[in-house]
Amino acid sequence: CADTSNVLKPFIVAKKWAMRVTDEFFLQGDKEKESGMPLTPMCDRTSQGRVALQKGFVDFVIGPYYKLVAAAFPSLNPAFALMWENREAWNEYDDNMLADELGQGYWLPERYKGTLQTKSTGRTDASTRGLAPLTRSTDASTRGTRGTEKEYQPERAGSSA
């Protein structure tokens, strides 16, 4: 569900999840390669880029799906508008810009640090550049109703930060 819903979130959140998802894909590809299995194309860090994967996902997978959902439920159109805004925002990014902004693999456990290098960036993960990994709170009071970190929760009308 997270893979399909992240495109509907504000871009600052969506791009963080894009990094997480592509890190997961690339690690899966690494394991496939180590095991001698055929490499799943979208999991091959040597031939795929993070930004290109996000654009393709919206253009060919989730965008057409949400168009059908919106046709059946027109009241959802405003929610889907953000997905198209995010898709346009990806046009302003490349993998280097995304890595500079977020750091590659910034959320991974330490045992995976230094393993994330993509063809398009040629860089290793954020730990080599002094960026700390994202930490998840175990305190339920700091989470939204769906387990999302509090920092990602939109400000509600009438509330103060």
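Small disclaimer: the values here were computed from a predicted structure and weren't measured.
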Gap between atom [atom2] of [Y] and atom [atom1] of [X] - 0.5 Å precision:
X     : Y      : atom1 : atom2 : answer
Arg45 : Asp30  : CZ    : CG    : 4.0 Å
Lys55 : Trp90  : NZ    : CH2   : 9.5 Å
Leu98 : Gln54  : CG    : CD    : 8.5 Å
Lys16 : Glu101 : NZ    : CD    : 9.0 Å
Glu85 : Leu8   : CD    : CG    : 11.5 Å

Glu24-Gln28 side chain donor-acceptor pair, cut-off 3.5 Å: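 Judged by distance alone, the side chains do not pair up.
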
Ring centre gap for Phe11 and Tyr93 strictly below 6.0 Å: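 Centroid distance Phe11-Tyr93: below 6.0 Å, so yes.
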
Of all the heavy-atom pairs spanning [X] and [Y], show the shortest one and how long it is.
X     : Y     : value
Gly63 : Trp84 : CA-CH2, 3.8 Å
Ala70 : Asn77 : CB-OD1, 3.1 Å
Pro38 : Glu32 : O-OE1, 3.7 Å
Pro41 : Ser47 : O-OG, 4.3 Å

[X] (side chain) donor-acceptor with [Y] (main chain) under 3.5 angstrom:
X     : Y     : result
Asp95 : Arg50 : yes
Asn86 : Val7  : yes
Tyr66 : Thr4  : yes
Thr22 : Met19 : yes

Any pair counted as salt bridge (Lys or Arg N to Asp or Glu O under 4.0 Å), so long as it reaches residues 63-82, sequence neighbours left out: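 Found none.
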
Listed partners of Asp59 passing salt bridge (charged side-chain N to carboxylate O under 4.0 Å, His left out), at least two apart: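 If we apply the salt bridge (charged side-chain N to carboxylate O under 4.0 Å, His left out) test to Asp59, skipping adjacent residues, the hits are Arg87.
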
Same apolar cluster (I L V M F W Y, side chains within < 4.5 Å links), Val69/Leu82: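 Each belongs to a different hydrophobic cluster.
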
Same apolar cluster (I L V M F W Y, side chains within < 4.5 Å links), Phe26/Leu39: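 No: no chain of side-chain contacts under 4.5 Å links Phe26 to Leu39.
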
